[in-house]
Peer 1: 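Below you will find the structure I want to go over with you.
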Amino acid sequence: METDRAKLDNTIAKYGNDRSLLLSMFQDIQREYRYLPKEAIKYVCEKLNIPVVKGYEMATFYKSLSLVPRGKHTIHVCMGTACHLKGAPGVLEAFERDLKVKRGGTTEDMLFTLESVNCLGACALAPLVRVDEKDFGKVNQTSVKNIIDEYKRGE
Amino acid sequence: MVKFKIDNKVVEAKEGEYLLDVARRYGFSIPTLCHHEALGSDGRCRVCVVEVKTRWRKRIVTSCLFPVSKDIEEVYTASEDVKLVRRTVLELLLARCPESDVIRYMAAKYGITEPRYKKDTDKGKCILCNMCVRTCENIVGVSAIGIIGKGPEKKISPPFREASDACIGCGACVAVCPTGHIFMEDKDGIRLIWRKRFELAVCPKCGRYHAPVEQLEFISKKTNVPMEELLVCTNCR
């Protein structure tokens, strides 16, 4: 993906060229491209006069930052204790089977990225699945299909 | 100045000074893996643990990062508790780096020949002491490598796990590495390090390959010494 220098300059300017706000800049770039392009990391670091490796350290440290392109929708399958007991492993497996990706992977059509999380704090709804910002409670193997279809239909 | 005892010997130190420095000044031997006088302390290897007794309690601390205060009454560098903690630390390090002869030798001194824990196979000899990274950043001043990732996947690497534009091939990281993990090879006028190939400069007087051209260019730029002078190796200068 081609990175837009002017846009990156805007992002840097938005945070007042302050290198301590590098994480916020990365988050903005991530929102724009759905991942952190290598060129963007290099460009921002050079502009802020910090070694590229420091930017790369940060990009690999935070789970919310990704170095590979992510799908349009992120599916979080909760694997917390309550969800686990209520059958979350089966739900995750169903997603893996239906989307033909492994945990952490992105579908070929770039529509979904599948991830597991350790607790979303809504244990009463276990097992819980969160797609982007929307929660789906008491998920079973049938509703997995429905969730995927709902987002596929939206395209 | 504060007075306290290390292994029953009275010592004097400034408040705020690190225990390791005080102990070494008085000739006590405390093993370390991530401490270097040019780099200071980082508290990563945890091998330098000692026991500190204050008026209220005794506890185990990392001596390289523990500041002297007037509360300290006594310090033990080799008590049973210290040995136990140090043995565990070395056992864990040995499980991480079973190939390292340095770790194996140190662990053997504490009676560990085989770790009880599952051995890692993908870590090489790297104990993540961070000395190479600190050298590259603070001594060489290029920051070509860093600690990448987190958790079990954490490792030392140049950015994007590929040849770095910042690296000058000086090999300072290799020199400072306590376990000899970092790979560097000089062969037929080419130095290979951190996945990058460097052309080695030939000394015009003795005809010997002596340093990467990129490193000499870096020094020349920094010190304003012309390249022609730097191309002559240190033996012929």
Side-chain angles (χ1 to χ4, degrees), chain A residues 1-3 5 8 12 17-20 22-23 25-27 29-30 33-70 76 79-80 102-106 113-119, chain B residues 34 39 42 44 122-123 126-174 176-177 181-183 193-196 198 214-215 218 221-222:
Chain A
M1 195 183 288
E2 195 61 37
T3 50
R5 294 270 152 113
L8 292 176
I12 297 168
N17 287 300
D18 186 347
R19 61 172 76 179
S20 64
L22 181 65
L23 181 57
M25 297 176 199
F26 278 179
Q27 282 174 320
I29 298 164
Q30 162 106 13
Y33 296 100
R34 281 193 264 129
Y35 79 111
L36 274 181
K38 183 170 150 187
E39 294 311 314
I41 297 178
K42 281 191 178 175
Y43 184 74
V44 173
C45 287
E46 270 159 36
K47 277 271 161 180
L48 294 172
N49 210 5
I50 30 185
V52 179
V53 74
K54 297 289 163 201
Y56 187 66
E57 276 180 352
M58 184 181 272
T60 55
F61 182 82
Y62 292 102
K63 208 183 169 186
S64 62
L65 299 174
S66 170
L67 289 159
V68 288
R70 294 166 62 93
H76 295 284
M79 299 289 272
K102 287 276 158 219
R103 188 196 306 205
T106 301
T113 295
L114 182 63
E115 268 182 3
S116 64
V117 286
N118 284 334
C119 187
Chain B
C34 72
L39 297 166
D42 215 31
R44 282 179 188 267
D122 56 340
K123 306 289 190 284
C126 182
I127 58 162
L128 294 174
C129 70
N130 207 26
M131 284 220 280
C132 51
V133 176
R134 285 183 285 153
T135 304
C136 194
E137 184 175 353
N138 304 328
I139 310 286
V140 185
V142 297
S143 263
I145 46 172
I147 296 191
I148 304 307
K150 62 177 165 199
E153 282 86 39
K154 199 189 234 184
K155 63 182 274 191
I156 307 289
S157 161
F160 309 104
R161 298 172 196 242
E162 58 186 39
S164 152
D165 296 337
C167 184
I168 56 168
C170 65
C173 47
V174 179
V176 81
C177 180
H181 169 74
I182 303 167
F183 173 83
I193 183 170
W194 292 120
R195 302 181 184 199
K196 194 172 172 182
F198 291 91
E214 244 181 275
Q215 183 192 357
F218 176 81
K221 217 171 137 191
K222 215 173 174 181

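Numbers restart at 1 for each chain; the letters A, B, ... are given by sequence-line order, proteins then strands. Computed from a predicted structure; not experimentally measured.
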Peer 1: Looking only at non-hydrogen atoms, find the nearest pair between Phe61(A) and Lys150(B) and report the distance.
Peer 2: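 Answer, listing the atom of Phe61(A) first, then Lys150(B): O-NZ, 2.5 Å.
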Peer 1: Closest approach of Gly146(B) and Val53(A), non-hydrogen atoms and distance?
Peer 2: N-CG2, 3.3 Å
Peer 1: Quick one: what part of Ile41(A) sits under 4.5 Å from any heavy atom of chain B, side chain, backbone, both or neither?
Peer 2: side chain
Peer 1: What part of Ser157(B) lies closer than 4.5 angstrom to a heavy atom of chain A: side chain, backbone, both or neither?
Peer 2: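 When you check distances to chain A, only backbone atoms of Ser157(B) fall under 4.5 Å.
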Peer 1: Please find the pair of heavy atoms, one from Gly149(B) and one from Thr60(A), that lie closest to each other, and give the distance.
Peer 2: N-OG1, 2.8 Å
Peer 1: Using a cut-off of 6.0 Å, state whether more than 12 heavy atoms not belonging to Lys196(B) lie near its atom NZ.
Peer 2: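 Counting neighbours around NZ of Lys196(B), more than 12 heavy atoms of other residues, nucleotides or ligands fall under 6.0 Å, so yes.
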Peer 1: So which heavy atom on Glu57(A) is nearest to which on Ile147(B), and how close?
Peer 2: OE2-N, 2.7 Å
Peer 1: Heavy-atom distance under 4.5 Å to chain B: side chain of Lys63(A), backbone, both or neither?
Peer 2: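 Contact with chain B: backbone and side chain both.
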Peer 1: Of the backbone (N, CA, C, O) and the side chain (C-beta and beyond), which part of Glu153(B) lies under 4.5 Å from a heavy atom of chain A, both, or neither?
Peer 2: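 Neither part; nothing is under 4.5 Å.
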Peer 1: Using a cut-off of under 4.5 Å for heavy-atom pairs, which of Asp165(B), Ile145(B), Val142(B), Val133(B) has the most such pairs with chain A?
Peer 2: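 Ranked by heavy-atom pairs under 4.5 Å with chain A, first place is Ile145(B).
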